[in-house]
Colleague: 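Can you keep this structure in mind? I'll have questions shortly.
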Amino acid sequence: MSSTTDKYPSNFIRTIIEKDIAEGKNGGAVLTRFPPEPNGYLHIGHAKAICLSFGMAEEFGGATNLRFDDTNPLKESVEFINAIKRDIEWLGFQWKEERYASDYFPQLYEFAEQLIREGKAYVDSLSAEDIREYRGTLTEPGKDSPYRDRSVDENLDLFRRMKAGEFADGEHILRLKIDMASPNINMRDPAIYRIRHVEHHQTGNEWCIYPMYDYTHCVSDSLEGITHSLCDLSFEDHRPLYDWVLDELAMNCHPQQIEFSRLNLQYTVMSKRKLRQLVEEGMVDGWDDPRLPTISGLRRRGYTPAAIRDFCRRIGVTKSDNNVELALLQSVIREHLEDSAPRVFGVLNPVKLVIENFPEGEKVALTVANHPKDESMGTRELNFTREVFIDRDDFREEANRKYKRLVLGDEVRLRYGFVIKAEEVIRDDSGEIAEIRCSYDPDTLGKNPEGRKVRGVIHWVSAEEGLPAEIRVYEPLFTVDFPDADDRDYHELINSESLTVHQGFVEPSLQKAGLDDRFQFEREGYFCIDSKDSTEGSLVFNRVVGLRDTWAKIEKAGGA
RNA sequence: UGGGGUGUCGCCAAGUUGGUAAGGCAACGGGUUUUGAUCCCGUCAUUGCGCAGGUUCGAGUCCUGCCACCCCAGCCA
């Protein structure tokens, strides 16, 4: 995992850490944490944070804790906990310790009593609506709650009774006593404990009051001895509160919160809320739908952990808003698969081709390379037969010379096999081409014909030996590059053609394709077995990404 | 009209104490090629680093003033 390609280029967070180490801060130690709330699946944006937090720690000989930020039992579940752990491990990272914010509930409670005793927290009995009213607005200061000056004894009594379950949800709340006139709204007496009579996935029914993020996170970081607490920019305004709590509690470990900008990627959405909607409304096939930017989706789509890590490294780490092009992600996975994926043949839109002068029942065994540039990947055998499938896009009844595929009356090479010539087209009742009758030149195996220049080379699959397979090709889930920035409801922005299912054929060797294998279907793209739906008897492939397609560009420009 | 941030090539992004604008992706030329892939070569910010002034022999880097965009008013995280 710790190859040089995983090293980040210069960024401001590394600069800070290097400086801290040079100055002997924290005794030169680096301990980070990744703190997901188990209320959804991890996505590529989380991968950025994971690579950063784990990456920085590893680079400086430190470690990273995985800590589930499980302070809101209403939205969380063990299903998400397990999915998150699996995704992080799959990405290639190992946490030092698995912790839960709920591990600290007892200590958090004691600290809360301490704050009350010191007059730094109070129980408010205003309704949620009133609290909102009293908070003021962005431009006007808030005003003190009438309960703000309750005595320490009363606060303590109330808080203990909150814990004991004497009150209903929403009846009381514990707030920090900071400054209702602060220009930073987060400092206007933030709530730190609310009553919730619900079972918690970790602590069961032990508690009916639950601490809130701002209070929990900094204390948890401190208790664990975190040195650098990396989070996204939305928490920048919360840093004064983070620091306030640790200072007032006089914690002996005061981690440094550092914020960076979150990832925005073209043609997708990154908010857990929207992802959850897509899943729950059945617009996709679960959290691991290959069109989703979730780690699980990317895994099922065929992305590799190394490619995702490389992507995270290449997008960099800054505080500026960023809009990363999908092309970068695609470029990275292509680059990784180019070297590692063995080549095979697969035809997505099959049309049968019959070579009339090739003897029926005969086979010519061809030894073909698994990789054009890497002999160590070996060879495999393919049988050339009288009937083969080629892709419909690789045949035209007429075309100009720029079209380097099969044209009626002209020649083309079937890759690794013979040069053939299209002689006649057979149509079905609907007028569609049902079959292409051809002839072949037996003297063209491994050599070019004399005096003629063949248009090009196309791939094929033996009709006699090929395996039928379902091949799924994906396009972006959304029709606009940044759905979040669009005023329209996201339902209107869904790309109805994000999934195309082909009933095609693949070469026999793919029968033994494994779940972790990636292949390049020559001239088509990179593919993998669909981990959810593929079976031995009915193969299902996902297209990870297409090959770079300059022909499509030429075609689009009106070149042919 | 409050507070917190950010503005360097179409996108991402480097740019330590001012010294004369990295790299990647994309794009565009060309070469190799039994994958229109890969690979290789070349072009791609020349009084230019949001704008306007200023300091300086010299500023993306310092100062002043503007402008634009993002985040914040959950008993969510």
Side-chain angles (χ1 to χ4, degrees), chain A residues 9-11 15 19 35-37 39 69-72 74-76 124 126-128 131-133 135-142 169-175 182-188 190-196 210 212-214 216-217 231-240 259 261 263 266 272-273 313-332 334-335 338-339 343 345 368 371-373 402-405 412-417 419 444 446-448 454 456-459 520-525 546-555:
Chain A
S10 172
N11 68 63
T15 303
K19 185 163 176 283
E37 183 188 14
N39 67 344
D69 230 326
D70 57 349
T71 55
N72 188 359
L74 249 29
K75 297 181 175 176
E76 302 155 4
D124 198 352
L126 246 28
S127 67
I131 284 182
R132 193 183 319 125
E133 189 114 339
R135 186 154 34 227
T137 69
L138 293 178
T139 53
E140 300 159 35
D169 291 8
E171 242 182 284
H172 303 288
I173 195 162
L174 186 70
R175 303 178 72 175
S182 171
N184 180 348
I185 291 194
N186 297 301
M187 299 299 272
R188 316 236 262 235
I192 60 169
Y193 262 99
R194 75 292 219 191
I195 301 170
R196 283 245 206 289
Y210 293 98
M212 295 181 65
Y213 170 82
D214 282 310
T216 307
H217 202 83
C231 61
D232 79 71
L233 245 26
S234 64
F235 293 101
E236 211 158 17
D237 289 343
H238 295 245
R239 184 164 13 100
E259 313 84 7
S261 58
L263 165 68
Q266 278 187 332
K272 276 195 206 169
R273 196 191 103 248
R313 185 183 57 80
R314 292 207 218 181
I315 57 177
V317 181
T318 66
K319 296 181 73 141
S320 49
D321 287 345
N322 58 85
N323 300 306
V324 176
E325 292 178 333
L326 225 205
L328 179 61
L329 217 210
Q330 297 175 326
S331 162
V332 173
R334 278 195 198 106
E335 189 180 300
E338 157 65 21
D339 292 334
R343 271 82 231 239
F345 287 165
V368 308
H371 192 108
K373 293 184 170 179
K402 283 182 184 169
Y403 185 77
K404 292 159 55 176
R405 310 177 188 188
V412 80
R413 176 178 296 279
L414 291 180
R415 172 147 238 235
Y416 291 126
V419 169
T444 53
K447 60 181 174 184
N448 286 321
V454 177
V457 182
I458 64 175
H459 62 286
Q520 184 195 98
F521 287 10
E522 292 206 27
R523 302 207 317 128
E524 290 289 357
L547 255 27
R548 219 174 124 248
D549 191 356
T550 53
W551 167 245
K553 242 184 272 178
I554 295 168
E555 226 180 355

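The sequence lines fix the lettering, A, B, ..., with proteins before strands; numbering per chain opens at 1. All values below come from the heavy atoms of this structure, side chains included, with hydrogens, waters and symmetry mates left out.
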Colleague: Across all strands shown, which nucleotide pairs with G2(B) by Watson-Crick or G-U wobble geometry, both distances under 3.5 Å?
Modeller: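 Base partner found: C72(B).
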Colleague: Taking the minimum atom-to-atom distance to the side chain of Arg415(A), which one of G3(B), U35(B), C75(B) wins?
Modeller: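 Of the options given, the side chain of Arg415(A) lies nearest U35(B).
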Colleague: Over all strands shown, is Met187(A) touching base, sugar-phosphate only, or nothing at heavy-atom distances under 4.0 angstrom?
Modeller: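 Contact class for Met187(A): none.
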Colleague: Please name the nucleotide paired to C44(B) by Watson-Crick or G-U wobble geometry with both distances under 3.5 Å, or report none.
Modeller: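 Matched C44(B) with nothing under the 3.5 Å cut-off.
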Colleague: Looking at every strand, decide which applies to Gln520(A) at a 4.0 Å heavy-atom threshold: base, sugar-phosphate, or nothing.
Modeller: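 Answer is base: heavy atoms of Gln520(A) come under 4.0 Å of a base.
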Colleague: Please determine, for the side chain of Ile185(A), which listed nucleotide (C25(B), G3(B), A73(B)) has the closest atom?
Modeller: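 Selected nucleotide (nearest to the side chain): A73(B).
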Colleague: Return the pairing partner of G7(B) with a 3.5 Å limit on both distances, Watson-Crick or G-U wobble; otherwise return none.
Modeller: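 Because both required distances fall under 3.5 Å, G7(B) counts as paired with C67(B).
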Colleague: Looking at every strand, decide which applies to Arg188(A) at a 4.0 Å heavy-atom threshold: base, sugar-phosphate, or nothing.
Modeller: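 Nothing, no heavy atom under 4.0 Å.
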Colleague: Does the plane of the ring in His238(A) sit parallel, tilted or perpendicular to the ring in Tyr213(A)? Use 30° and 60° as the thresholds.
Modeller: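 The arrangement is perpendicular - the two ring planes meet at more than 60°.
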Colleague: From the set G5(B), C76(B), C75(B), return the single nucleotide nearest to any side-chain atom of Ala191(A).
Modeller: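 The closest nucleotide is C75(B).
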Colleague: Report yes or no: do Ser182(A) and Asn184(A) form a side-chain donor-acceptor pair below 3.5 Å?
Modeller: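 The criterion, which ignores hydrogens and geometry beyond distance, is not satisfied for Asn184(A) and Ser182(A).
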Colleague: Students often get this wrong, so: under 4.0 angstrom with heavy atoms, is Ile315(A) touching a base, only sugar-phosphate, or nothing?
Modeller: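 Contact class for Ile315(A): sugar-phosphate only.
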Colleague: Lys404(A) side chain: which of C25(B), G36(B), C75(B) is closest?
Modeller: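 My answer, after comparing the listed nucleotides, is G36(B).
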Colleague: Is Trp551(A) stacked on the base of G36(B), with ring centres under 5.5 Å apart and planes under 30° apart?
Modeller: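 By the stated criterion, Trp551(A) and G36(B) stack.
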Colleague: Looking at Lys319(A) and U6(B), is any side-chain donor or acceptor paired with a base atom of the opposite kind under 3.5 Å?
Modeller: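 No pair found.
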Colleague: Applying a 4.0 Å non-hydrogen cut-off, can you work out what Arg548(A) is touching in the nucleic acid: base, sugar-phosphate, or nothing?
Modeller: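 Contact class for Arg548(A): sugar-phosphate only.
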Colleague: Using purine N1 to pyrimidine N3 plus N6-O4 or O6-N4 for Watson-Crick, or N1-O2 and O6-N3 for G-U wobble, both under 3.5 Å, which nucleotide pairs with C39(B)?
Modeller: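 Paired with C39(B), as far as the under-3.5 Å criterion goes, is G31(B).
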Colleague: Which nucleotide wins on minimum distance to the side chain of Arg523(A), given the candidates C76(B), G36(B), C12(B)?
Modeller: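 Selected nucleotide (nearest to the side chain): G36(B).
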Colleague: What nucleic acid atoms does Thr137(A) come within less than 4.0 Å of, heavy atoms only: base, sugar-phosphate, or nothing?
Modeller: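 Contact class for Thr137(A): base.
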Colleague: Which nucleotide in the set C75(B), C25(B), G3(B) lies at the smallest distance from any side-chain heavy atom of Asp237(A)?
Modeller: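 The answer is G3(B).
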Colleague: Is Val317(A) touching bases, backbone alone, or none of the nucleic acid, heavy atoms closer than 4.0 Å?
Modeller: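 Contact class for Val317(A): sugar-phosphate only.
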Colleague: Go through A73(B), A27(B), A77(B) for me and flag the one nearest to the Asn72(A) side chain.
Modeller: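 Ranking A73(B), A27(B), A77(B) by closest atom to the Asn72(A) side chain puts A77(B) first.
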Colleague: By nearest atom, which of the nucleotides A26(B), C39(B), A14(B) is closest to the Asn11(A) side chain?
Modeller: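 Among A26(B), C39(B), A14(B), the one nearest the side chain of Asn11(A) is A14(B).
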Colleague: With rounding to whole Å, what would you report as the distance between C39(B) and G48(B) at their C1' atoms?
Modeller: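 The same atom, C1', in both gives a distance of 34 Å.
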Colleague: For C49(B), give the paired nucleotide (Watson-Crick: N1-N3 plus N6-O4 or O6-N4; G-U: N1-O2 and O6-N3; both under 3.5 Å), or none.
Modeller: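 Its partner is none (no Watson-Crick or G-U wobble pair with both distances under 3.5 Å).
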Colleague: Counting the atoms with a prime plus P, OP1 and OP2 as sugar-phosphate, which does Lys447(A) contact under 4.0 Å by heavy atoms, base, sugar-phosphate, or nothing?
Modeller: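 Result for Lys447(A) = base.
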Colleague: Among the nucleotides U34(B), A14(B), C75(B), which one has an atom lying closest to any side-chain atom of Val457(A)?
Modeller: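 Nearest to the side-chain atoms of Val457(A), counting from C-beta on, is U34(B).
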Colleague: Answer with base, sugar-phosphate or nothing: what part of the nucleic acid does His172(A) contact at a heavy-atom distance below 4.0 Å?
Modeller: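 Result for His172(A) = nothing.
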Colleague: So what does Glu236(A) touch, heavy atoms closer than 4.0 Å: a base, only the sugar-phosphate, or nothing?
Modeller: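 Counting heavy atoms under 4.0 Å across all strands, the contact made by Glu236(A) is with sugar-phosphate only.
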Colleague: From C-beta outward on Thr139(A), which listed nucleotide comes closest to its side chain: C75(B), C25(B), U1(B)?
Modeller: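 Of C75(B), C25(B), U1(B), U1(B) is nearest to the side chain of Thr139(A).
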Colleague: Can a side-chain donor-acceptor contact be found between Asn322(A) and Ser261(A) if the only test is distance below 3.5 angstrom?
Modeller: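 Indeed, the side chains of Ser261(A) and Asn322(A) share at least one donor-acceptor pair under 3.5 Å.
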Colleague: Identify whether any heavy atom of Leu328(A) sits under 4.0 Å from a base atom; if not, whether one sits that close to sugar-phosphate; answer base, sugar-phosphate or nothing.
Modeller: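 Since only primed, P, OP1 and OP2 atoms lie under 4.0 Å of Leu328(A), the category is sugar-phosphate.
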Colleague: Write down the distance separating the C1' atoms in G19(B) and G4(B), rounded off to the nearest Å.
Modeller: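 G19(B) and G4(B) have their C1' atoms separated by 34 Å.
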Colleague: Within the 4.0 Å heavy-atom criterion, would you say Thr216(A) contacts the bases, only the backbone, or no part of the nucleic acid?
Modeller: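 Thr216(A): no heavy atom of the nucleic acid under 4.0 Å.
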Colleague: Mind checking Pro372(A) for me? I need base, sugar-phosphate or nothing, with any heavy atom below 4.0 Å counting as a touch.
Modeller: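 Answer is base: heavy atoms of Pro372(A) come under 4.0 Å of a base.
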Colleague: Classify Ile195(A) by what it touches in the nucleic acid, base, sugar-phosphate, or nothing, heavy-atom distance under 4.0 Å.
Modeller: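 Result for Ile195(A) = nothing.
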